[in-house]
Trainee: 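This is the structure I want to talk about, given as structure tokens.
By convention in this document, chain letters (A, B, ...) are assigned in the order of the sequence lines, proteins followed by strands, and residues within each chain are numbered from 1. A quick note: this is a predicted structure, and the numbers were derived from the prediction, not measured.
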There are 2 protein chains.
Amino acid sequence: MSAPGALVLVVEDEPQMRRFIRASLTSHGYRIVEAASAAEAVALMTTQPPDLVLLDLGLPDGDGIDVAKRLREWSRVPIIVLSARGREDDKVAALDAGADDYLTKPFGVNELLARMRVAERHAEAAASPTAAQALKIGDLELDFVRREVTRGGEVVHLTPIEYKLLALFARHAGRVLTHRQILKEVWGPMCASHPHYVRVHMAELRKKIEATPSRPRILVTEPGVGYRLRDGS
Amino acid sequence: MSAPGALVLVVEDEPQMRRFIRASLTSHGYRIVEAASAAEAVALMTTQPPDLVLLDLGLPDGDGIDVAKRLREWSRVPIIVLSARGREDDKVAALDAGADDYLTKPFGVNELLARMRVAERHAEAAASPTAAQALKIGDLELDFVRREVTRGGEVVHLTPIEYKLLALFARHAGRVLTHRQILKEVWGPMCASHPHYVRVHMAELRKKIEATPSRPRILVTEPGVGYRLRDGS
DNA sequence: GCCGCGCATCAAGAAGACGTCAAGATGTGC
DNA sequence: GCACATCTTGACGTCTTCTTGATGCGCGGC
């Protein structure tokens with residue numbers, strides 16, 4: 001129909017539901033990859049990068065929201081959450097975690113297909129080839145899939161916020177990110193006016209990844225604006 | 001950039017519902033424009049292009065779906081449909097007509113806000129590749145995405161005001177900008193009567209980007225009027 | 001020639017942004 | 001409940017940037 005052959009990753013632990021979705025999608029020309037757990041989902045994301053993800057929230061080995069967050073660390077693939085939970089808080093949490101849409105079970109197949117078409121439209125418009133799964137700057141190496149940072153071969157331990165910060169800068173390597181943008185991405189859309197958070201955690205991050213933290217060469221300050229990760233060029 | 005709140009066009013004929021939405025959005029920093037009919041909505045789209053549209057389907061002078069279709073003929077502004085109709089066919093029709101999301105009344109404010117944030121994310125992602133603008137004047141290069149200025153390959157560090165100045169002139173390359181215009185754009189409408197600001201900072205800017213600052217070839221003075229950025233011609 | 005005007009330049013101080021440290025709060029796993 | 005890691009919050013010193021005033025130059029009118 002709209003995008004013949006688009007590859008869809010279906011993350012769903014219930015076999016019955018998986019079968020239902022598989023039947024509905026394949027009959028409309030989609031190709032399917034299936035995952036029954038969070039770990040399997042992340043693994044398949046790297047080995048068979050899909051064009052779209054259908055994500056169930058109730059997984060045996062973790063929350064689906066965490067899966068969405070992890071995917072968003074390096075990928076912009078459209079994510080549609082399918083969940084039995086209809087509470088507003090669940091929807092807000094999922095959408096703010098990076099999901100593009102949220103359908104409450106039970107849902108109609110036609111609505112699902114329509115919302116998938118919307119997601120495909122968006123992906124087309126964005127045309128983001130930013131699917132880099134690793135990055136290297138000097139002796140610093142970032143592995144987004146394993147969520148690991150090494151410096152000169154040594155693993156650098158980062159706290160959750162530090163990793164989020166660094167991943168954010170890596171995704172926008174070379175570009176200046178304003179305080180507002182950083183706060184919005186790392187701390188959530190709500191707390192946009194605490195620039196001090198950024199300063200403190202940037203200092204911590206620099207201590208760990210810069211050779212001379214007091215004279216940063218990777219994470220440089222743009223006074224009055226924000227920060228920038230300086231890439232090779 | 002959302003320094004001032006995003007502008008939202010609310011298309012809704014029921015005054016009570018309008019009031020509810022207005023209160024919810026303004027308290028979260030959004031600015032809003034209201035339309036009570038399809039005709040008014042289309043008119044406002046052109047006179048005050050919004051960053052997002054909230055569209056009710058039941059309008060006195062026509063279907064909301066037609067409004068969505070008409071907007072999509074020339075605009076990619078995110079459209080979120082708010083409707084009392086919960087039938088699947090309605091949803092599919094609206095989404096396929098170009099709507100980006102569909103909420104069935106009654107809905108929670110927090111879900112609406114979350115879905116609006118999703119729409120804003122999409123708009124941002126779609127806009128950034130398009131705005132990959134750069135400008136070249138002699139050996140001077142301006143990269144607005146990276147917020148970086150280079151001269152002969154070397155990065156030139158600019159303070160926020162200097163960058164704002166240069167970006168302003170670049171946007172109006174070749175045209176003369178008066179002191180008033182410059183002050184209004186860079187310092188804000190309040191301090192329109194301090195021409196000295198401009199002189200001092202123009203001098204600083206010239207020191208950094210001109211080969212011979214005392215004899216400027218890029219940022220030239222138009223005595224008695226203002227300044228002008230001389231482009232290639 | 002002298003004066004007034006607009007512009008360029010310089011420098012000092014004020015204002016604000018940033019980096020750093022450390023203590024208290026919070027949360028998490030055992 | 002305790003120990004540990006992490007995050008928040010406040011205080012303070014340092015550095016960048018902006019403002020502001022003083023001064024000099026060039027030009028045109030008188």
Side-chain angles (χ1 to χ4, degrees), chain A residues 62-63 66 147 149 155-169 176-183 185-188 190-229, chain B residues 3 147 149 155-169 176-180 182-183 185-188 190-228:
Chain A
D63 200 332
D66 293 327
R147 223 185 196 170
V149 179
V155 173
V156 181
H157 173 73
L158 298 182
T159 71
I161 283 192
E162 287 159 10
Y163 180 81
K164 270 196 200 174
L165 263 178
L166 185 54
L168 172 65
F169 279 104
V176 176
L177 296 175
T178 67
H179 303 270
R180 278 192 85 82
Q181 289 176 304
I182 298 166
L183 284 161
E185 289 290 327
V186 176
W187 277 266
M190 296 308 179
C191 40
S193 59
H194 291 260
H196 196 48
Y197 288 9
V198 183
R199 284 192 209 108
V200 173
H201 290 279
M202 283 297 281
E204 289 300 314
L205 191 49
R206 280 169 171 166
K207 271 193 216 165
K208 295 181 181 179
I209 67 170
E210 296 274 2
T212 53
S214 57
R215 193 139 316 199
R217 291 164 36 83
I218 300 173
L219 290 170
V220 294
T221 305
E222 295 284 338
V225 189
Y227 298 86
R228 178 210 306 271
L229 182 139
Chain B
R147 194 190 180 279
V149 178
V155 174
V156 181
H157 174 74
L158 299 182
T159 71
I161 284 191
E162 287 159 10
Y163 181 82
K164 270 195 199 174
L165 265 177
L166 185 55
L168 173 65
F169 280 105
V176 179
L177 294 174
T178 67
H179 301 268
R180 281 194 85 81
I182 298 166
L183 284 161
E185 288 291 326
V186 176
W187 277 267
M190 295 310 173
C191 35
S193 57
H194 291 259
H196 195 46
Y197 288 8
V198 183
R199 287 195 203 105
V200 172
H201 289 280
M202 284 298 282
E204 288 300 313
L205 192 48
R206 280 169 170 167
K207 269 195 220 164
K208 295 182 181 179
I209 67 169
E210 296 275 3
T212 52
S214 56
R215 190 135 329 169
R217 291 163 36 84
I218 300 172
L219 290 169
V220 295
T221 305
E222 297 285 340
V225 188
Y227 297 87
R228 183 164 59 93

Trainee: To check you understand the geometry: which heavy-atom pair defines the closest contact between B/R217 and B/E210, and what is its length?
Mentor: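 Heavy-atom minimum between the residues: N-OE1, 2.9 Å.
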
Trainee: Give me the atom names and distance for the closest heavy-atom approach of A/P223 to B/P160.
Mentor: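 Taking every non-hydrogen atom into account, O-CG, 3.3 Å.
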
Trainee: Which residue, A/L183, A/I161, A/L165, forms the side chain to side chain contact (heavy atoms under 4.5 Å, CB included) with A/Y197?
Mentor: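 The side chain to side chain contact (heavy atoms under 4.5 Å, CB included) with A/Y197 is passed solely by A/L183 among A/L183, A/I161, A/L165.
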
Trainee: Going by heavy atoms in the side chains, are A/E185 and A/F169 under 4.5 Å from each other?
Mentor: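 The answer is no, as the side chains (C-beta and beyond) never meet within the 4.5 Å cut-off.
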
Trainee: Heavy atoms of chain B, cut-off under 4.0 Å: which first and last nucleotide of DNA chain D, 5' to 3', fall inside that, if you could look?
Mentor: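 Listed 5' to 3', the contact boundaries are D/dT17 to D/dA22.
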
Trainee: Counting neighbours of CZ on A/R147 that are heavy atoms of other residues, nucleotides or ligands and sit closer than 6.0 Å, is the number greater than 12?
Mentor: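 Buried by this count: over 12 neighbours within 6.0 Å.
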
Trainee: Over how many whole Å does the gap from A/H194 atom NE2 to C/dA25 atom P extend?
Mentor: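 Those two atoms, NE2 and P, are 18 Å apart.
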
Trainee: Between A/L177 and A/L229, is there a side-chain heavy-atom distance shorter than 4.5 Å?
Mentor: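 A side-chain contact is absent here, since even the closest heavy-atom pair is not under 4.5 Å.
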
Trainee: Could you check whether any side-chain heavy atom of A/H179 comes within less than 4.5 Å of a side-chain heavy atom of A/H194, counting everything from C-beta outward?
Mentor: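 No. Closest side-chain heavy atoms not under 4.5 Å.
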
Trainee: To check you understand the geometry: which heavy-atom pair defines the closest contact between B/R206 and B/T221, and what is its length?
Mentor: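 The answer is NH2-OG1, 2.8 Å.
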
Trainee: Note the angle between the end axes of the helix from C/dG1-D/dC30 to C/dC30-D/dG1, five pairs defining each, rounded to 10 degrees.
Mentor: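 One end's axis against the other's: 30°.
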
Trainee: Provide the closest heavy-atom pair for A/L219 versus A/L205 in the form atom of the first, atom of the second, distance.
Mentor: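 For A/L219 versus A/L205, the nearest heavy atoms are CD1-CD2, 3.7 Å.
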
Trainee: Which pair of non-hydrogen atoms, one from A/E222 and one from A/V176, has the smallest distance, and what is that distance?
Mentor: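 So the two residues come closest at CG-CG2, 3.9 Å.
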
Trainee: What one-letter contact string describes nucleotides 6-23 of chain C from 5' to 3', where B marks a base within less than 4.0 Å of any protein heavy atom, S marks contact via sugar-phosphate atoms alone, and - marks no contact?
Mentor: -BSBB------SBBB---

